[in-house]
Engineer: 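To start, I am sharing the structure in question, which I have written as structure tokens.
Nothing here was measured: the structure is a model prediction, and the numbers come from that model. Chain letters run A, B, ... following the sequence lines, proteins first and then strands; every chain starts at 1.
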Number of protein chains: 2
Amino acid sequence: MLNYSTSEENHIKAIYHLQKDGSVTTNELAAELKTRPASITDMMKKLRTKKLVHYEAYKGFRLTAEGRKLALIIIRRHRLWEFFLAEKLKFSWEEVHEVAEDLEHVSSKKLIDKLDEYLGFPRFDPHGDPIPDAQGRIETSKQVCLTELPPGKQGIVCYVSDQSSGMLELLGHKKIGMGTRVEIRKRFSYDQSMEIKVKQQITTISGDLARNIFVKYDE
Amino acid sequence: MLNYSTSEENHIKAIYHLQKDGSVTTNELAAELKTRPASITDMMKKLRTKKLVHYEAYKGFRLTAEGRKLALIIIRRHRLWEFFLAEKLKFSWEEVHEVAEDLEHVSSKKLIDKLDEYLGFPRFDPHGDPIPDAQGRIETSKQVCLTELPPGKQGIVCYVSDQSSGMLELLGHKKIGMGTRVEIRKRFSYDQSMEIKVKQQITTISGDLARNIFVKYDE
DNA sequence: AATTAAATTTAGACAAACCTAAAAAAAATA
DNA sequence: TATTTTTTTTAGGTTTGTCTAAATTTAATT
Ligand SMILES: [Mn+2]
Ligand SMILES: [Mn+2]
Ligand SMILES: [Mn+2]
Ligand SMILES: [Mn+2]
């Protein structure tokens, strides 16, 4: 019912990641997958007959609704395994991707749904990317530490790792809480402190504080 | 350094399981892997050039030392995943094998060693089969049917061949499970029933039950 | 608009892993 | 031992997924 080869899955996933809007080109996809353009053309013809991509010669390609569904299944597997590797097996966040590249192709739905449950239905992988749920729904935002919020982007505070009373006092004073919108105005590399805009006002926060605040933002 | 295809790995593992002693035949292996004899011949030629099997035309094949080492690595992966699926994800005994058939081919050594550690270095998989350690050492301790456990010897339950719900109910009632210590006190040849000591208590079990329980013991 | 450059597709090939059918070798039986 | 049966190998094919080199289409530049 849902049996695609590793290569087909890798192609589908790569198209998903490349197609922000508009369509993906042969060269782009070949570069992404480290294959040759001719191989991409061959694969696109196959995926077209399987109704996973829209494709006309010389006109690039995009996923069909079904192709997108498949992409989200693969991304769900990938990110759940990454979470498992980081959280349970204590891999560092740089190491998880490579191993998840293989694990993502083990296709048992039951395995993935049970893994999801075992992990407590995590919403973001170790890189802050959202994990699609069992129905293929995915959040549009990415979760990162405030220190990595691109300056100028609106972030929404969604997690604070240190919840000591000292931290809470400081957060209260800065008027920062769950759901608060923040935006980085200026960062100082000397001590990682930064000026941020909170509720129409500019405040300065230390690197120590920033490192404990996590925000969601749309890319 | 250690990069074999899924098909090569499946062949090596199957030979390991079939070669109790003496060598494995083409038809045996074809039956085991559900392929055709001609395909086996092709693969044996390839594995011979890779120095994983000893093979001469018409004379069957056995693993080389290196082939055996590889087999144990694959079996280690397989059984650790089975343990993970049963223990952590709450898969039932019958379900784990199929999924582990795929997971066993993900070849990161670090993944497997960290998984092993995370699981607490389990020594047996959910079917009672021993799990090779990171050095490829595998438990040699004999596994016999309870009917063959020498009276007076301590046995440890490690495998139950019938996993029907009726059997599970009976085992639960007798307080017998994986790892339970048992000792035969008296055997009745008339109906093969026996009195055994379980958790400081004497119980009687039927021959039908005893024949489905396997134990390991030190000689 | 004509020419050049870049992107894409086609043509033809190859390795991996399987297959069927026929030939050859080994084993069993008369 | 001669004959028959079984097992194994060889010969030749197919599918999947990749490649290179050449042809074609599209895009960019004079
Ligand atoms: Mn992949
Ligand atoms: Mn990730
Ligand atoms: Mn397998
Ligand atoms: Mn097992």
Engineer: Check whether any side-chain nitrogen or oxygen of A:S7 sits under 4.0 Å from OP1 or OP2 of D:dT18, and answer yes or no.
Structural biologist: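 Yes, such a contact exists.
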Engineer: What is the distance, rounded to the nearest whole Å, between atom CE of B:M43 and atom P of C:dA16?
Structural biologist: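 Roughly 10 Å, once rounded to whole Å.
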Engineer: Can you list every pair that meets salt bridge (Lys or Arg N to Asp or Glu O under 4.0 Å) and has a residue in residues 115-124 of chain A, with sequence neighbours left out?
Structural biologist: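 For residues 115-124 of chain A: A:R76-A:D116, A:R123-A:E139.
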Engineer: Given B:L171, which partner from the list B:T180, B:L209, B:D162, B:I205 fulfils the side chain to side chain contact (heavy atoms under 4.5 Å, CB included) test?
Structural biologist: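 The option that passes is B:L209.
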Engineer: Given the ring of A:Y118, does A:K88 sit roughly above its face, with NZ or CZ under 6.0 Å from the centre of the six-membered ring and within 45° of the axis?
Structural biologist: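 Judged by the rule, A:K88 and A:Y118 form a cation-pi pair.
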Engineer: Using a 4.0 Å heavy-atom cut-off, write out nucleotides 4-11 of chain C from 5' to 3' as B (base contacted by protein), S (sugar-phosphate only) or - (no contact).
Structural biologist: ---SBBB-
Engineer: Show every donor-acceptor pair shorter than 3.5 Å between a side-chain atom in residues 153-161 of chain A and any protein atom, with sequence neighbours excluded, or say none if there are none.
Structural biologist:
residue	atom	partner	partner atom	Å
A:K153	NZ	A:D218	O	3.1
A:Q154	NE2	A:E183	OE1	3.4
A:S161	OG	A:N212	OD1	2.6

Engineer: If I take atom CZ in residue A:R36 and atom P in nucleotide D:dT16, what distance separates them, rounded to the nearest angstrom?
Structural biologist: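 From A:R36 CZ to D:dT16 P: 24 Å.
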Engineer: Start with the C-alpha distance between A:W93 and A:H127, add both sets of side-chain angles, then the distance that settles ring pair (Phe, Tyr, Trp, His ring centres under 6.0 Å), and finish with yes or no.
Structural biologist: CA-CA 7 Å; A:W93 67 268; A:H127 309 102; 5.7 Å; yes
Engineer: Taking atom C1' of D:dT8 as reference, at what distance in whole Å does atom CZ of B:R48 sit?
Structural biologist: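 Rounded to the whole Å, the gap is 13 Å.
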Engineer: So how far is it from A:Y58 OH to A:T26 OG1, rounded to the nearest 0.5 Å?
Structural biologist: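 With rounding to 0.5 Å, OH (A:Y58) is 9.5 Å from OG1 (A:T26).
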